[in-house]
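Written below as C-alpha cells is the structure these notes are about.
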Amino acid sequence: MRRRSGPIASVVLAAALLISPVVPVASAPLPAVDGGSGAALDAPQRYVEEVFPTITTTGGIPFAEVVNDAGDDQVLLLDITVPVGDTETLRPALVWMGGGSFTSVTRSSMANWTNRSARRGYVGVTIDYRVRPGLAIDDLAGHIAAIKDAGHDAQAAVRWLRANAATYGIDPERITVGGYSAGAVTALWVNHNEEWAEPGGPNQPQPSGTSAAVSNAGAFGGSPVAGDPPIAMFHGEKDTRVAYSAGVAHCDAQLSVGNVCELTSFPDYAHGLPWDEIYGPAFDFIYRHVSCGQGFSDLPLPHPFCGDIDWLTTNELANGYADGTYRPTAAFSRQAMLAMLWRMAGSPTGAPDPGFSDVGPTHPFLDAIAWAVDTGIAQGYPDGTFLPTGTVSRQAAVAWQWKLLGAPTGAPDAGFDDVTPANPFGDAIDWAADAGITTGYADGGFHPGSPVSRQAGAAQLHRTAPLLP
C-alpha cells in the first residue's frame, strides 16, 4: 500500500472520461525431488499457471450499506471465488469490477476474471457499486458523482476484505483492483485515491490502499503522484466511448512521476477488447508486481530474478531462511549449488563417500557432494578438503552445469577479454554464453572468478533445466 495527498480536480476527471554481500547461514536441506532430470522440474507454478482445476464461488455476500442517488438504502454485495483444496492462507486478492457506463453493473460479467484468478491461486472477488440508471453521457455533474460513489464503494470492499482476510485466506497487504470500462475507471480511482476514502464510510478503520490496478478500456483524468501503485492498461485505439487518448494521457502522467504504467494498445479494436490476448499479460503484470516471491520478505517487486527464485522453490530445489528471507545478493555456497544440481538430476544416492576431511558422514549435503565427485562434476582440493561452505565462482558454476549436461562441445568462442585460451573452464564458459545461461559484462569480460549470487544462480539453473535430457 501507499499514501498520497492532495485532491485532483473533479471536472478534469469527468472531462477526460467524457472526451471519450551477506554469507548465508546454515539451512536445512530440502527433501529429495522425486523422478529424474527435467521431468522433476515442471511443477505447476502458482500465480503463473492455472494450477487449481476446481474452484468454488460464494455469492451475494453483503459488504456495505449505502444510500444511492435516489435516497434509498442499498445493500452492496460481492462474490468470492477460491481454489478448492488450497492450503495457502495468505493469498493475494484480485477485485474485478464490471462495466456499464455507471448506469448498471452486473457481478457475473466478471466471472471470466474471478474464475481465472482462483485457478491461479488468488482469491477472486467481484463487487456491486452504486450506479445511476438513466445517466446521460453528457451529464458531467452526474458522472462526477457516480464515479465518486463507485470509488467509495470499491474502497469499502477493499476494507471489508482486509477485515475478513483471515476468514477467506487473504493477504491483507496484497489487494489488486481491476475492471472493464466503468469498472476500470473505478479501479484506477481507487488505486490513486486512498486518501479520498469516504469519511466514516463502511468497514472502518481498515485502510483502502491497493497494491496495483488493471484497467481494461478505462482512463482517469487526475494527475498521479510519486509513490502511487503500478498500473497496467489495455486499450483499443479506436475506442470512442473512453477515448484512447485519455488512456495514453493517464499512463504518461503515471510515468512522468516515476511510477509504473504498462500500456498495451490494440490498433484494430474500439471499446470491446480481445480478452484472450489480455488475460496472459494482465496476470503476468500482477505476478511481477504483486504476487511473485510471496514467501520472502527481501524481494521488493518488481524484482528481476523473482520468477527464477519462485521456480527454484516451487520445484523444491532450494528454500529460504528461517527468518523469511531469500538473501538474493548473498553468494551461493559450493554445497548449496551442488545440492540443487543433485536435485535437478533426481537426487541419486549410492555414490561412495569421497572422504573429505570437512565433509563427515552426518553432513547434510553428503549425498549431493558424493554424487558430484563420483560423476566428475566437482572435485575437492589437494589438501583433502572440499570447502563445502566456500563460495562458488562464475566459472565453476557454469562448469558444473555444463558437466551435468554431459559437457557439450562446439560452442563458438564467446570472446570475453578475461577468458584466455589457457582457462580450464573456457569450453564451459563458451557453452554458457552460447546457450544463454549467463552473459558477460559491459566491459567485455566474464569475470570468471567472481562469486555467483543466489539470485544469479537461480536464473542460471532455471535456464539450464530445459536442456536436461
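- Considering only heavy atoms from C-beta on, Tyr269 stays 4.5 Å or farther from Lys238 through its side chain.
- By the side-chain contact (heavy atoms from CB on, under 4.5 Å) test, Arg46 is found to be paired with Phe52, Asp86, Glu88, Arg91, residues two or more places apart in sequence or in another chain being considered.
- In this structure, Phe283 and Tyr122 have parallel ring planes: the angle between them is below the 30° cut-off, well short of the 60° mark.
- Taking the six-membered ring for Trp and the full ring otherwise, His235 and Phe266 have centroids separated by 6.0 Å or more.
- Side-chain atoms of Asp310 do not come within 3.5 Å of backbone N or O of Gln45 as any donor-acceptor pair.
- Using a 4.5 Å heavy-atom threshold, the side chains of Arg116 and Glu50 count as touching.
- The aromatic rings of Tyr180 and His271 sit tilted, their planes meeting at an angle between 30° and 60°.
- Residues Leu273 and Ile278 meet the side-chain proximity criterion, which asks for heavy atoms closer than 4.5 Å.
- Using a 4.5 Å cut-off on side-chain heavy atoms (C-beta onward), Thr114 and Asp79 make no contact.
- A distance below 6.0 Å separates the ring centres of Tyr168 and Trp160.
- Of the possible donor and acceptor atoms, none in the side chain of Thr325 sits under 3.5 Å from a partner among the backbone N and O of Tyr321.
- Judged by the 6.0 Å and 45° rule, Arg120 forms no cation-pi pair with Tyr47.
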Using atom types as modelled, flag every donor-acceptor pair under 3.5 Å from a side chain in residues 405-417 to any protein atom, sequence neighbours excluded.
{"from": "Asp413", "atom 1": "OD1", "to": "Gly415", "atom 2": "N", "distance (Å)": "2.7"}

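- At a threshold of 4.5 Å between non-hydrogen side-chain atoms, the residues Thr126 and Val95 do not count as touching.
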